[in-house]
Participant: 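One structure is given below, represented as structure tokens, and several questions about it will come after.
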There are 2 protein chains.
Amino acid sequence: MPYVMVQIPKTPAPAQRSVPTSADVARLAGVSRATVSYVLNNTSAVRISEPTRRRVHEAAEELGYVPHAAARSLRAGHSRMVLMPAPAIPVGSLYSRFINELQQALGRLDYTVVQYGSPGPAGDDAARAWAELRPVAVLVPGSGLGPQGVALLRRSGARAVVTLGPEAVRGAHALLMDHAAVGRAAGAHLYARGRRRIGVVVPEEPGLEVFSRPRLDGVRRSLRGTGATVTELPLAYEEEAAAALAARWRDLGLDGVFAYNDEYAALLLRALQDEGVAVPGDTALIGADDLMVGRLLRPRLSTVHIELPSGRDLAELVDRAVREPGAALERREVLGAAVVARDSS
Amino acid sequence: MPYVMVQIPKTPAPAQRSVPTSADVARLAGVSRATVSYVLNNTSAVRISEPTRRRVHEAAEELGYVPHAAARSLRAGHSRMVLMPAPAIPVGSLYSRFINELQQALGRLDYTVVQYGSPGPAGDDAARAWAELRPVAVLVPGSGLGPQGVALLRRSGARAVVTLGPEAVRGAHALLMDHAAVGRAAGAHLYARGRRRIGVVVPEEPGLEVFSRPRLDGVRRSLRGTGATVTELPLAYEEEAAAALAARWRDLGLDGVFAYNDEYAALLLRALQDEGVAVPGDTALIGADDLMVGRLLRPRLSTVHIELPSGRDLAELVDRAVREPGAALERREVLGAAVVARDSS
DNA sequence: TTGAAAGCGCTACCAA
DNA sequence: TTGGTAGCGCTTTCAA
């Protein structure tokens, strides 16, 4: 084959080794860009001959063609992103486990999950920043997004807005996570154990109020009208802080305490024991979240076990909402709380 | 004011309440789209008069205009995203804390962090999927990305590719996290305490091999040539598994054990004590990561404290790499390991 | 079965 | 100081 066809490009070769586009693929395969699109997206409405398909695929392969998601989004009017503002919540909590699971499940459904860093604007202002990405869905943990934020997101193309928090927001699907139920369970348990002067640990770490406040309120609610007292106990997650709290324990005169969760309970337990306070003899102690640490201590910690929906379930809800944007808004209670009585109460 | 100007739109009102574009803003403000762009982006190369600026801002405000990130990316050739494939790593680990911090720091630098779910394609195949998003930077935890993956990402516009793992990859910046150092520190410590028959707990949970394997190797390395023995102890993070391991402890005849991290150490400690094995009397125990749980147990756990770079530092590295894509590739050791001797060893 | 071309929203170059 | 407009890469309608 002594003669070689040399294709003279109409446009000069790009200066930098630039990214191949579908036009490059089309040129190499000797077809139009439309055909490339049909083949690469397996468009069912159009039938392309097998030889052509092969040529396109080979050309794409050879060039290392990678479609440009932004161009596709621009054309489609929205992206494949699910936006999830990252709540300022310490990792390791039960909740962050749930979030992780959810991300994975959404990934499997072919969505791209975008964690939007929490610092910066909040609430409805934040919604504007999120809207720039034209996400196909938005999951908002905690409260903070109002009806107008939801409206803005929907106007900018979000097919589904789902709130995960204590209350529903007009226009959005709601997964109601009522942390007050955790407090109610703990309060009722301590009361049933005969405790009447009850302390509630409230973490000082920022970002936890979303959970700690409702949990405290739940305890209050469960004890209302019983004559039992509720004492709020602010506590930083540090040994020194716990020791200081334990040092004034006798003065506080509490006979029962709900420690926000098992980690704070573990911290407090050690401090109380070091101070000579008997648990559960002098003071009954119950945590929450049913973490492993509670089972490793002596005495084993009583706890409130929390049942969260599986990430898969929520991912499916999102997927359904995206596919049928007109469907009725879901509003679902998704937090189950049950006391696991062990040895500390 | 009995007369009202009614503006007849040239194009019929969109059927759906559609998203306002910069053209809508321009129309309302009575200027061109170019001017809108200049004003809204504060383009310094062009000076726009104050009244015009105000009109544009007011129009944008009134319409609830939100720029379309995809259009901007298409135009710019790349997005403001930093892609970070989410490693299949349990939340709560020291490492996931670091990842979180990093995300926040990048958010503050005005990048959008995208968690790419791990399931699906792996290694260089995954790189293709990531490339579709035309990320401005890619952070790859763990190993798994090869030189050709890096090349593909760079070709598709990534200004910086940073690996976080045991080894550097050609073409990418490297943050070397040598977990073998953790094992070496633990091994040397146990040896110095006079222990010669040493067990190393290796978690059975998937996704942890990335850390557990080098940690084990580190112990082996530190003991090479000393005559001390190393026994691998697979362990699932469950009480039953720990109890089973403890039950055959006497047969194993170990006098020292490095338990991967403090959580596994806590699990094992309880099981050993329940079995009547004295710690540190019969067996010295050391964990790693310096978690709070280790300080709450009796005896307090010795541990290997790990120093990771702050998320801020890494975020700045990324930002610098993005801004000077031509600069030399960084290659930095970032994991410091130091024994904290407490009461369990 | 395939191709031509419009147009998604935005920025930046060049003119006025 | 402002406007006109090309063009980023892709999908999809309409025509051939």
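Note that this is a predicted model, so its numbers are computed, not measured.
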Participant: Without swapping roles, check the side chain of B/Arg159 against the backbone of B/Val136 for a donor-acceptor pair under 3.5 Å.
Facilitator: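 No, the answer is negative, given that no donor and acceptor are paired below the 3.5 Å cut-off.
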
Participant: For the pair made of CZ in B/Arg27 and P in C/dC10, what is the distance, rounded to whole Å?
Facilitator: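 Checked: the CZ to P distance equals 12 Å.
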
Participant: So, does A/Ser22 get its side chain near the phosphate of D/dC10, meaning an N or O under 4.0 Å from OP1 or OP2?
Facilitator: yes

Participant: Please report the distance, rounded to the nearest Å, between NE2 in A/His68 and P in C/dC8.
Facilitator: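 Taking atom P of C/dC8 as the reference, NE2 of A/His68 is at 18 Å.
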
Participant: Donor-acceptor pair, distance only, cut-off 3.5 Å: does the side chain of A/Ser22 make one with the backbone of A/Arg33?
Facilitator: no

Participant: With DNA chain D as reference, determine whether B/Thr52 or B/Leu74 sits nearer its 5' end, using the nearest nucleotide of each.
Facilitator: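 The 5'-side residue here is B/Thr52.
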
Participant: Taking atom P of D/dC10 as reference, at what distance in whole Å does atom NE2 of A/His78 sit?
Facilitator: 18 Å

Participant: Pick the closest DNA chain C nucleotide for A/Arg47 and for A/Ala76 by heavy atoms, then say which residue is nearer the 5' end.
Facilitator: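 Its nearest nucleotide being more 5', the pick is A/Arg47.
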
Participant: Please report the C-alpha distance between B/Val82 and B/Val322 in whole Å, then the side-chain angles of each, then the deciding distance to 0.1 Å, and finally whether the side-chain contact (heavy atoms from CB on, under 4.5 Å) criterion is met.
Facilitator: CA-CA 10 Å; B/Val82 174; B/Val322 166; over 6 Å; no

Participant: Any idea which of D/dT2, D/dG9, C/dG9 is nearest the A/Ala71 side chain?
Facilitator: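 Side chain of A/Ala71 sits closest to D/dG9.
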
Participant: What are the atom names and distances for every N/O pair under 3.5 Å that joins the protein to nucleotides 12-14 of chain D?
Facilitator:
residue: D/dT12; atom: O4'; partner: A/Arg75; partner atom: NH2; Å: 3.2
residue: D/dT13; atom: O4; partner: A/Tyr38; partner atom: OH; Å: 2.8

Participant: Nearest-Å distance, CZ (A/Arg55) to C1' (C/dT2)?
Facilitator: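 These atoms are roughly 11 Å apart.
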
Participant: Whole angstrom is fine here: how far is it from CG in B/Leu63 over to P in C/dG9?
Facilitator: 14 Å

Participant: With B/Arg312, which residues qualify under salt bridge (Lys or Arg N to Asp or Glu O under 4.0 Å), at least two apart?
Facilitator: B/Glu316

Participant: With a 4.0 Å limit, can you tell me whether A/Ser32 has a side-chain N or O closer than that to the phosphate oxygens OP1/OP2 of C/dG3?
Facilitator: yes

Participant: If you define the side chain from C-beta out and look only at heavy atoms, does anything of A/His68 sit under 4.5 Å from A/Val19?
Facilitator: no

Participant: Whether A/Ser49 contacts C/dT2 is assessed here as follows: a side-chain N or O lying under 4.0 Å from the phosphate OP1 or OP2. Is that the case?
Facilitator: yes

Participant: Which nucleotide in the list C/dT11, D/dT1, C/dG9 gets nearest to the side chain of B/Arg72?
Facilitator: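 My answer, after comparing the listed nucleotides, is C/dT11.
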
Participant: Roughly how many Å is it from CG in A/Asn42 to C1' in D/dT11, rounded to a whole number?
Facilitator: 15 Å

Participant: Quick check: do B/Leu145 and B/Trp130 have side-chain heavy atoms less than 4.5 Å from each other?
Facilitator: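 Yes, their side chains come closer than 4.5 Å.
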
Participant: Hey, is the main chain of A/Ala23 close enough, under 3.5 Å, to the side chain of A/Thr21 for a donor-acceptor pair?
Facilitator: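 At least one qualifying donor-acceptor pair exists.
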
